[in-house]
Amino acid sequence: MDVTKLTKRNHYEEITEQLKGLILQGQLKVGDKLPSTKELSEKFGVGRSTTREALSALRAMGLIEIRQGGGCTVISSAPAELDMPNLPELESLRVNRTKLFELLEARHALEVSNASIAAEKRTEEDLAQLGSLMQEMKASIGREAEGERTDLLFHLSLAKATHNSIMVHLFESIMTPIEAAIRETRRVEIYANSQVAEQLYEEHFQIVQAVAAQDKQLAAAKMRAHLEHVESIIKRYV
C-alpha cells in the first residue's frame, strides 16, 4: 500500500484523506483488511493515537469496520455513501452547529460548577453511588451502549450530588438535546475506541477523587479538562 509520509504533526485528516482516496480508487477494495495500526503509523510516520483518530473518522464515514482485536476491514467503496450515511444526527448537527456550540458552552459552565459544588456538599451516599458507577464504567469499556449509559448516569449523579434541584434540572434540560444530537458521534468515536474509553474512565476517576477529597478547585479543573477533551472529539465532526 503506497502512502505519503506526513511532514506535520497531528494531521489525522491527511491520513483520513489518503486512505479514503485509496478506497475510492479501488486500491483498497471491499473486504480488504487494512494494515495494523502499528504498520500504518510507521508508514505515515505518526503516533498510533493519530492513526486511530483517522481510522475512527473512516468508520464514521461508513467506509471501514473496526473490530476489537480484529483490525479494520473495508466495507464500502461507493462515493455516494461517504457523507456519513447512517448518521442523520450529524447532518442536522452541521446545520445547527451554532446552537450545538452554545449548548456545549452552557454545559461546560454548568458541569464545572456542579463538580465544585458537589465537592463541597457530597455525602457518603453520593460517593458510594459514584464509586459504583465507576466500576460499571470500567466494565463497560468496549461496549458502546453500556459506555454511553454509564457516562450519562455519572454526570447526572454528580449533578445530584450538588443537592441543588435547580442544577439538576438545568443539567437535564441541556443534556437532552446535546445527547440526541451527538449520540452517533459518541458511539462511533468515543465508546467504540477502547483507548479513548479508557482515557475517559481515568478522567472520570480523577473527578471522583477530587470530589471525595472535597477539593473544589481540583474537581472543577478535572471536569474542565474532561469536557475539553470530549468537545474536541465532537468538533471534528461538525
Side-chain angles (χ1 to χ4, degrees), residues 37 48-49 51-60 62 64-73 75 86-87 89-90 93 103-104 107-108 110-112 114-115 118-119 122 124-162 168 171-172 174-212 219 222-237:
T37 302
R48 295 190 192 185
S49 61
T51 301
R52 289 190 186 97
E53 290 180 32
L55 294 174
S56 293
L58 290 170
R59 174 179 172 171
I64 68 171
E65 177 182 50
I66 302 177
R67 292 183 178 177
Q68 189 68 31
C72 303
T73 304
I75 60 173
N86 297 315
L87 308 181
E89 292 89 347
L90 290 182
L93 212 59
L103 284 166
L104 290 175
R107 178 197 180 184
H108 197 118
L110 178 65
E111 289 224 68
V112 169
N114 281 351
R122 95 293 186 278
E124 291 303 315
E125 185 179 351
D126 294 325
L127 291 180
Q129 171 68 13
L130 290 168
S132 176
L133 280 171
M134 290 307 303
Q135 292 180 349
E136 291 184 44
M137 189 178 293
K138 188 172 185 178
S140 72
I141 291 174
R143 292 185 289 153
E144 301 170 18
E146 187 65 10
E148 182 177 29
R149 184 188 72 82
T150 55
D151 190 307
L152 288 172
L153 279 177
F154 175 89
H155 288 274
L156 177 59
S157 296
L158 193 66
K160 289 180 177 179
T162 65
V168 175
F171 172 80
E172 291 175 333
I174 289 173
M175 288 308 297
T176 297
I178 289 179
E179 291 305 319
I182 70 172
R183 179 168 292 114
E184 294 304 322
T185 299
R186 289 164 64 91
R187 289 184 176 177
V188 166
E189 172 70 16
I190 297 176
Y191 302 118
N193 186 326
S194 291
Q195 184 183 45
V196 173
E198 288 171 1
Q199 183 178 346
L200 292 178
Y201 166 81
E202 180 60 28
E203 291 170 6
H204 285 104
F205 182 70
Q206 291 176 8
I207 293 169
V208 172
Q209 284 186 311
V211 170
K222 292 300 182 181
M223 177 62 79
R224 186 178 297 109
H226 166 62
L227 293 176
E228 286 173 355
H229 178 205
V230 174
E231 289 163 11
S232 71
I233 294 173
I234 295 169
K235 289 177 180 178
R236 293 175 194 158
Y237 291 89

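Heavy atoms only: backbone and side chains are in, while hydrogens, waters and symmetry mates are out. A quick note: this is a predicted structure, and the numbers were derived from the prediction, not measured. Along the sequence shown, residues are numbered consecutively beginning with 1.
- Across Thr150 and Ser140, no two heavy atoms sit closer than the pair OG1-OG, 3.7 Å.
- Under the ring pair (Phe, Tyr, Trp, His ring centres under 6.0 Å) criterion, Tyr201 pairs with no residue at all, not counting sequence neighbours.
- Side-chain contact between Leu158 and Asp126 is absent, with no heavy atoms from C-beta onward closer than 4.5 Å.
- Of the inter-residue distances, the one linking Ile174 atom CD1 with Leu110 atom CG reads 5.0 Å to the nearest 0.5 angstrom.
- Legend: residues meeting salt bridge (Lys or Arg N to Asp or Glu O under 4.0 Å) with Glu124, ordered by chain and number and at least two apart, are Arg122.
- With rounding to the nearest 0.5 angstrom, the CG atom of Leu152 is 10.5 Å from the OG atom of Ser157.
- The distance from the NE2 atom of His108 to the CZ atom of Arg224 is 5.5 Å, given to the nearest 0.5 Å.
- For Glu65, the salt bridge (Lys or Arg N to Asp or Glu O under 4.0 Å) partners at least two apart in sequence or on another chain are Arg67.
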Inset, instruction - Any chance you could lay out the side-chain contact (heavy atoms from CB on, under 4.5 Å) test for Asn114 and Val168, step after step, and finish with the verdict? - result: CA-CA 9 Å; Asn114 281 351; Val168 175; over 6 Å; no
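- Atom-to-atom distance recorded for Leu104:CG and Leu227:CG is 9.0 Å, nearest 0.5 angstrom.
- Without hydrogens or angle criteria, His204 side chain to Leu200 main chain gives a donor-acceptor distance under 3.5 Å.
- Under the side chain to side chain contact (heavy atoms under 4.5 Å, CB included) test applied with His155, the options Met175, Met223, Lys160 reduce to a single match, Met223.
- Summarising the geometry of Phe154 relative to Met137, their closest heavy-atom pair is CB-CE, 3.9 Å, with the distance given to 0.1 Å.
- Looking at every heavy atom in both residues, Ala119 comes nearest to Ala210 through CB-O, 4.3 Å.
- Minimum heavy-atom separation, Ala212 to Leu127: CA-CD2, 3.8 Å.
- Glu231 has no carboxylate O lying under 4.0 Å from a charged side-chain N of Arg107, or vice versa, which leaves the two without a salt bridge.
- Checked by atom type and distance alone, the side chain of Thr162 pairs as donor or acceptor with a backbone atom of Ala159 at under 3.5 Å.
- Among all heavy-atom pairs drawn from Ala118 and Val211, the shortest one is O-CG1, 3.9 Å.
- Summarising the geometry, atom CD belonging to Glu202 is positioned 9.5 Å from atom NZ belonging to Lys138; distances are rounded to the nearest 0.5 Å.
- Within the model, atoms CD of Glu125 and CD of Gln129 stand 8.0 Å from one another, a figure rounded to the nearest 0.5 Å.
- For Val208 against Leu130, the heavy-atom pair with the smallest separation is CG2-CB, 4.2 Å.
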